[in-house]
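To start, the structure itself, in structure tokens.
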Amino acid sequence: MNRSEDYIQDFPVQGFQQDLINWYIENQRDLPWRLNQDPYRVWVSEIMLQQTRVDTVIPYFNRFLSLFPTLKDLAEAEEEKVLKAWEGLGYYSRVRNLQTAVKEVAEQYGGIVPDTAEEISKLKGVGPYTAGAILSIAYGVPEPAVDGNVMRVLSRVLLIYDDIGKAKTRILFEDAVRTLISKEDPSSFNQAMMELGALICTPKSPACLICPVQDHCRAFDQGRQKELPVKEKKTKVKHVDMAAVILRNHEGKFLIHKRPKEGLLANLWEFPNIPVKKRGVSEKEDLKVFLQAEWGISAAVGDHVSNIEHVFSHLKWDIQLFEGHCSNKTIEACDLKWVTLEEMETYPFPVSHQKIKKMAKEVTA
DNA sequence: AAAGCGGGGCC
DNA sequence: GGCCCAGCTTT
């Protein structure tokens, strides 16, 4: 059984819609992106909310919108300023893609976010979920917006055991939503599904006893809500040993480096660092050789400062941190800078290197 | 279809 | 430690 029609057969679509939307009207949270339906605001919120909790997003959203109030403001902003506004939020390609897409809208669509699935889906960083979310919330178009919440809710309500990690399963849920969605109020329907997933139909212990659609839930009827959704476990993270150095010159300035424009933490700044084969063998020497070979810097790498661990979704860094000094001062490369602690605050750093920045302050103090 | 891509909160 | 979060892009 893998067609949505098979699951919707005999399902009380009308009653489900009503109970869901009525609950949402009464119980929706007061969130900053619900202030109005400005497509740009909705868009920014949806990008920020990808794989990121509401509570985390709220302060970022407010700050971002005060820095870049309109689509035009974001289109014309310096990328470094935009990355700085995103600093700490993670998945930085989201905001680089967002700015690329916003420029596209400014140039190709006269600054008006397109309102068709075909056009909006062409924009960088706008996938099936985000397209449906913007279209339904900003424009009232009845398109599905299937995220993790919606898959969890529907897997339980319709008793679907397909692995929600598979692309094929998302399409199954999208087909189901095309049938289930309210044509009168698609915005409330989609947001209600997500709100229900966030507040009631939660991953661990769903609050079925106070659920507005309990009467329509097949998993609850059979006491199987805790078996769902089905999701295959993913492989564990890879461990990588690193060595990094807080390098100061004779003026007391620190050396920082801009990462490449693609890949992990693209275009963010960092302290000089290298992967090392084995811990405790020759990190200091390796760093010294690297600084000389890569940038022509003759440095003395001194005391070990600390050991920093940082976990990503797919890997873990174990960073041996050292301090060092050198007498270089003129560096022309645009991806390399000597800066004071104060100047450093204007550059976007990933959290792993914010930890190093903090150590730099302590070492200096 | 699978892997790469961040960071934080909760258990 | 593992899991999950208003996912998308690249391979």
Side-chain angles (χ1 to χ4, degrees), chain A residues 24 28-29 31-34 42-61 83 86-98 100-101 120-138 144-153 163-171 173-174 177 187 189-199 201-206 229-240 259-260 262-268 309-317 348-355:
Chain A
Y24 175 69
Q28 64 174 292
R29 287 168 291 179
L31 301 173
W33 45 90
R34 289 179 177 161
V42 173
W43 187 1
V44 170
S45 75
E46 293 302 340
I47 300 298
M48 285 189 171
L49 286 161
Q50 289 170 6
Q51 299 291 286
T52 311
R53 287 168 204 288
V54 166
D55 290 340
T56 303
V57 167
I58 291 173
Y60 279 93
F61 179 83
L83 275 173
W86 207 268
E87 183 186 56
L89 198 51
Y91 285 148
Y92 300 93
S93 66
R94 288 185 293 177
V95 77
R96 296 192 305 127
N97 289 339
L98 175 61
T100 300
I120 205 169
S121 298
K122 286 181 189 161
L123 298 170
K124 210 76 172 136
V126 178
Y129 163 76
T130 306
I134 298 173
L135 289 173
S136 61
I137 298 171
V146 174
D147 71 336
N149 286 309
V150 174
M151 290 196 281
R152 184 171 59 255
V153 170
D163 181 355
I164 64 167
K166 309 277 188 191
K168 199 176 148 191
T169 307
R170 194 204 72 237
I171 293 175
F173 284 116
E174 284 172 353
V177 170
S187 170
F189 181 90
N190 280 340
Q191 294 190 76
M193 291 287 282
M194 296 188 272
E195 199 84 339
L196 188 70
L199 300 181
C201 197
T202 52
K204 302 284 183 188
S205 49
V230 173
K231 189 173 183 183
E232 191 185 340
K233 307 194 191 314
K234 52 184 166 187
T235 57
K236 54 184 179 182
V237 305
K238 189 169 79 176
H239 289 225
V240 180
R259 295 176 61 88
E262 289 185 338
L264 182 66
L265 305 169
N267 285 356
L268 273 71
E309 289 185 357
H310 191 76
V311 180
F312 298 85
S313 51
H314 60 301
L315 59 87
K316 178 181 175 187
W317 281 350
F349 285 83
V351 170
S352 48
H353 284 260
Q354 288 177 33
K355 295 174 185 174

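Letters A, B, ... are given to chains in the order of the sequence lines, protein chains preceding strands, and every chain is numbered from 1. Worth saying up front: this structure is predicted, and the values here are computed from it rather than measured.
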- Message: Is the phosphate of B:dG4 approached by A:Lys238 (side-chain N or O, under 4.0 Å from OP1 or OP2)?
- Response: no
- Query: Any donor-acceptor pair under 3.5 Å between the side chain of A:Ser352 and the base of B:dG6?
  - Reply: no
- Task: Mind checking the OH-OG spacing from A:Tyr91 to A:Ser93? Nearest 0.5 Å is all I need.
- Result: 9.0 Å
- Task: Evaluate the ring planes of A:His310 and A:Trp317, with Trp represented by its six-membered ring, and classify them as parallel (under 30°), tilted (30 to 60°) or perpendicular (over 60°).
- Result: tilted
- Task: Would you kindly give the NE2-to-P distance between A:His314 and B:dA3, to the nearest whole Å?
- Result: 12 Å
- Under 4.0 angstrom, heavy atoms only, what part of the nucleic acid is A:Thr56 near: base, sugar-phosphate, or nothing? nothing
- A:Trp317 CH2 to B:dG7 P, straight-line distance once rounded to whole Å: 8 Å
- Query: So, is A:Gln51 close to the C:dC5 phosphate, meaning a side-chain N or O under 4.0 Å from OP1 or OP2?
  - Reply: no
- Task: Determine the contact category for A:Ser93: base if any of its heavy atoms lies under 4.0 Å from a base atom, sugar-phosphate if only primed atoms, P, OP1 or OP2 are that close, otherwise nothing.
- Result: nothing
- Give A:Trp33 one of three labels, base, sugar-phosphate or nothing, depending on what nucleic acid heavy atoms sit under 4.0 Å from its own. base
- Query: Starting at CG of A:Leu264 and ending at P of C:dT10, how long is that distance when rounded to a whole Å?
  - Reply: 16 Å
- Note on the structure: To the nearest 0.5 Å, atom CD of A:Glu309 lies from atom NE2 of A:His239 at 8.5 Å
- Spacing of A:Ile134 atom CD1 and A:Leu123 atom CG [to the nearest 0.5 Å]: 8.0 Å
- What interatomic distance, in whole Å, is found between C1' of C:dT9 and the corresponding atom of B:dG8? 23 Å
- Message: Categorize A:Arg259 for me: base, sugar-phosphate, or nothing, with a 4.0 angstrom heavy-atom threshold over every strand shown.
- Response: nothing
- Message: Taking any heavy-atom pair under 4.0 Å as a contact, classify A:Gly88: base, sugar-phosphate, or nothing.
- Response: sugar-phosphate
- Message: On the side chain of A:Thr130, is there an atom forming a donor-acceptor pair with the base of C:dG7 - under 3.5 Å, no angle test?
- Response: no
- Atom pair CZ (A:Arg34) and CD (A:Glu195), whose distance is rounded to the nearest 0.5 Å: 4.0 Å
- Task: Starting from P on B:dG6, measure out to CD on A:Glu87 and report it in whole angstrom.
- Result: 14 Å
- Note on the structure: Rounded to whole Å, the CG-P distance (A:Asn149 to C:dG7) equals 7 Å
- Atom pair OH (A:Tyr129) and CE (A:Met194), whose distance is rounded to the nearest 0.5 Å: 3.5 Å
- Which comes earlier along DNA chain C counting from the 5' end, the contact point of A:Tyr91 or that of A:Lys124, where each point is its nearest nucleotide? A:Tyr91
- When you measure from the side chain of A:Pro203, which nucleotide among C:dA6, C:dC5, B:dC5 comes out closest? C:dC5
- Task: Describe the nucleic acid contact of A:Ile47 in one word from base, sugar-phosphate, nothing, applying a heavy-atom distance below 4.0 Å.
- Result: nothing
- Note on the structure: A:Ala198 has its side chain closest, among B:dG7, C:dA6, B:dC5, to C:dA6
- Message: When the P atoms of B:dA3 and C:dA6 are compared, how many Å lie between them, rounded to an integer?
- Response: 24 Å
- Rounded off to whole Å, could you give me the CD1-to-C1' distance for the A:Ile58 and C:dC5 pair? 14 Å
- Considering only C:dA6, B:dG6, C:dG1, which nucleotide approaches the side chain of A:His239 most closely? C:dG1
- Query: In whole angstrom, what separates A:Leu89's CG from C:dA6's P?
  - Reply: 13 Å
- Item | Donor + acceptor pair across side chains of A:Thr130, A:Arg94 (<3.5 Å) | no
- If you take atom types as modelled and just measure distance, does the side chain of A:Arg94 reach the base of C:dC8 with a donor-acceptor pair under 3.5 Å? no
- Query: Any idea which of C:dC3, C:dA6, B:dG8 is nearest the A:Lys233 side chain?
  - Reply: C:dC3
- Message: With rounding to the closest Å, how many angstrom separate the P atoms on C:dC8 and B:dG9?
- Response: 24 Å
- Message: Just to be sure I understand the rule, does A:Arg152 reach a base, reach only the sugar-phosphate, or reach nothing, if contact means heavy atoms closer than 4.0 Å?
- Response: sugar-phosphate
- Message: I want to confirm an ordering. Mapping A:Arg53 and A:Glu232 to their closest nucleotides on DNA chain B, which one lands closer to the 5' end?
- Response: A:Glu232
- Between B:dG6 (C1') and A:His310 (NE2): distance, integer Å: 6 Å
- Query: Hey, does A:Val57 reach any base, or is it just sugar-phosphate, or nothing, if we go heavy atoms under 4.0 Å?
  - Reply: nothing
